[in-house]
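We count residues from 1, following the sequence as given. Quantities reported herein were computed from a predicted structural model and do not represent experimental measurements.
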Amino acid sequence: MTVEDFKDVVSKPGPVAINFLACFVMMPFLAFGLAKLFGLSASLAAGCVLVGSINGGQASNLCTYIARGNVALSVIMTTCTTFGTILMTPLIAQLVLGTMVPVDSVGIIKSTIQVVLAPILLGVTANTLIPKVCRAIEPICPVVGVCATVVLVGASVAQCSQAIIDAGFSLQIPLLLLHLVGGLAGYAMAKAAKYDEVVARTMAIETSMKSSAFGFLLASLHFSDYMVRVPAAVSVVWMAVVGSTLAVVWRFIPIKENKIPKIPKISM
């Protein structure tokens, strides 16, 4: 990713702003409502809200490509929510989650900066100072990313396997609905704002797919209650299932030729 990618944000303020609100306002409220509807305990409910209040996941960019969405817009949206999570996630944790379970808000801020901001700054700096080296290793980056994702998903689920089994469908269903309803709501919001099918698909996938592994990390480090991390471990799976399903279904639903965006080459 280069500096130019960040400059492109200002050229599409509407969809990006709507996605930002969906990510940090609608999704936390939806998670809270589903947790209450299914009678989850305070710790599990807090975990669900934490999942709803984190940034969009990078896997959404690939799913957007498969769904014939706008990949450049997807990357911009992911970037904005990634920067936004530095402020919004600790704020939501303090104002909402702090009333439900003990939480280390200062620790969340520190971890968010370390995990989110530092790699972005490192990547932009490397692309600026040593672009040839970045281009040389670029072909293996997707493979490394996929392998890292598999390890993170497996590790998250393995650490909470017994708790996930004990929670049963009362936890599985609300998290499935969080990603599914959230995605469909993102699609509806784009359509209500008179955006085309391409933007609507992009926003749906961006809203649905959260960085659940990051949520698991925050829950593990900064919540004393072990059960807070369990929803994030479940979400890792459902996020991937729902996002990839939407992508594959839309792949086989054609868009009018003049509405299919040109997919630019994006350096990651």
Audit row: L50, T89, side-chain contact (heavy atoms from CB on, under 4.5 Å) steps and yes/no: CA-CA 8 Å; L50 178 63; T89 301; 4.3 Å; yes

Stepwise side-chain contact (heavy atoms from CB on, under 4.5 Å) test for R201 and N70: CA-CA 8 Å; R201 293 184 183 189; N70 188 324; over 6 Å; no

Test side-chain contact (heavy atoms from CB on, under 4.5 Å) applied to N127 and R135, step by step: CA-CA 9 Å; N127 263 304; R135 298 293 80 76; 2.9 Å; yes

Evaluation steps, side-chain contact (heavy atoms from CB on, under 4.5 Å), between L73 and N19: CA-CA 11 Å; L73 179 60; N19 176 252; over 6 Å; no

Residue pair T78, N61: steps toward the side chain to side chain donor-acceptor pair (under 3.5 Å) verdict: CA-CA 8 Å; T78 303; N61 306 146; 3.1 Å; yes

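The two residues A193 and I18 make their nearest non-hydrogen contact at CB-CD1, 3.8 Å. Looking at every heavy atom in both residues, W250 comes nearest to E197 through NE1-OE2, 4.0 Å. Minimum heavy-atom separation, M77 to P15: CE-O, 3.4 Å. Of all the heavy atoms in P28 and I92, the pair that sits closest is CG-CD1, 4.0 Å. When all heavy atoms are compared, the tightest approach of D196 to V199 is OD1-N, 2.9 Å. In terms of heavy-atom proximity, G186 sits nearest to M203 at O-SD, 3.6 Å.
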Tell me which donor-acceptor pairs under 3.5 Å the side chains of residues 230-237 have, and how far apart each pair is, sequence neighbours excluded?
unit_1 : atom_1 : unit_2 : atom_2 : d
S235   : OG     : H179   : NE2    : 2.7
S235   : OG     : S212   : OG     : 2.7

Distance-only donor-acceptor pairs under 3.5 Å for side chains of residues 239-249, two or more places apart:
unit_1 : atom_1 : unit_2 : atom_2 : d
S244   : OG     : A240   : O      : 2.6
S244   : OG     : V241   : O      : 3.2
T245   : OG1    : V241   : O      : 2.6

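With a 4.5 Å cut-off on side-chain heavy atoms, T81 and T85 do not count as touching. You'll find the side chain of K210 reaches within 4.5 Å of the side chain of C23, heavy atoms only. Residues S60 and T207 form no side-chain contact, since every pair of their non-hydrogen atoms from C-beta on lies 4.5 Å or further apart.
Under the rule for a salt bridge (charged side-chain N to carboxylate O under 4.0 Å, His left out), R229 has no partner lying at least two apart in sequence or in another chain. Annotation: side chain to side chain contact (heavy atoms under 4.5 Å, CB included) contacts of L87 (sequence neighbours excluded): none. Scored by the ring pair (Phe, Tyr, Trp, His ring centres under 6.0 Å) test, Y195 finds no partners at all (sequence neighbours excluded). Every residue two or more places apart in sequence or in another chain that forms a side chain to side chain contact (heavy atoms under 4.5 Å, CB included) with A200 is listed here: Y187, A190, K191.
Both L180 and I253 sit in one connected hydrophobic cluster of ILVMFWY residues. Membership requires side-chain heavy atoms under 4.5 Å apart, directly or through other members. Residues F29 and F24 are members of separate hydrophobic clusters, defined by side-chain heavy-atom contacts under 4.5 angstrom among Ile, Leu, Val, Met, Phe, Trp and Tyr. Under the 4.5 Å side-chain heavy-atom criterion for ILVMFWY residues, no single connected hydrophobic cluster contains both V25 and M27. Under a hydrophobic-cluster definition in which Ile, Leu, Val, Met, Phe, Trp and Tyr are linked whenever side-chain heavy atoms come within less than 4.5 Å, directly or via other members, F169 and L177 are assigned to the same cluster. Follow the hydrophobic side-chain contacts under 4.5 Å out from L21 and you never reach V49; the two are in separate clusters.
Atom-to-atom distance recorded for F38:CZ and L175:CG is 10.0 Å, nearest 0.5 angstrom. Atom CG of L91 and atom CD1 of I86 lie 13.5 Å apart (nearest 0.5 Å). Distance check, rounded to the nearest 0.5 Å: CE of M209 to SG of C63 gives 4.0 Å. Note that CG of L176 and CG of L34 are 10.0 Å apart. Values are rounded to the nearest 0.5 Å. In this structure, I54 CD1 and S211 OG are separated by 5.5 Å, a value rounded to the nearest 0.5 Å. Atom CG of L40 is separated from atom CE of M227 by 9.5 Å, given to the nearest 0.5 angstrom.
In this structure, the side chain of S74 does not engage the main chain of T64 through any donor-acceptor pair within 3.5 Å. S220 places a side-chain N or O within donor-acceptor distance of the main-chain N or O of F216, the cut-off being under 3.5 Å. Put simply, the side chain of S208 never gets that close to the backbone of I205: no donor and acceptor are under 3.5 Å apart.
Remark: Y226 OH is packed, more than 12 non-hydrogen atoms of other residues, nucleotides or ligands lying under 6.0 Å away.
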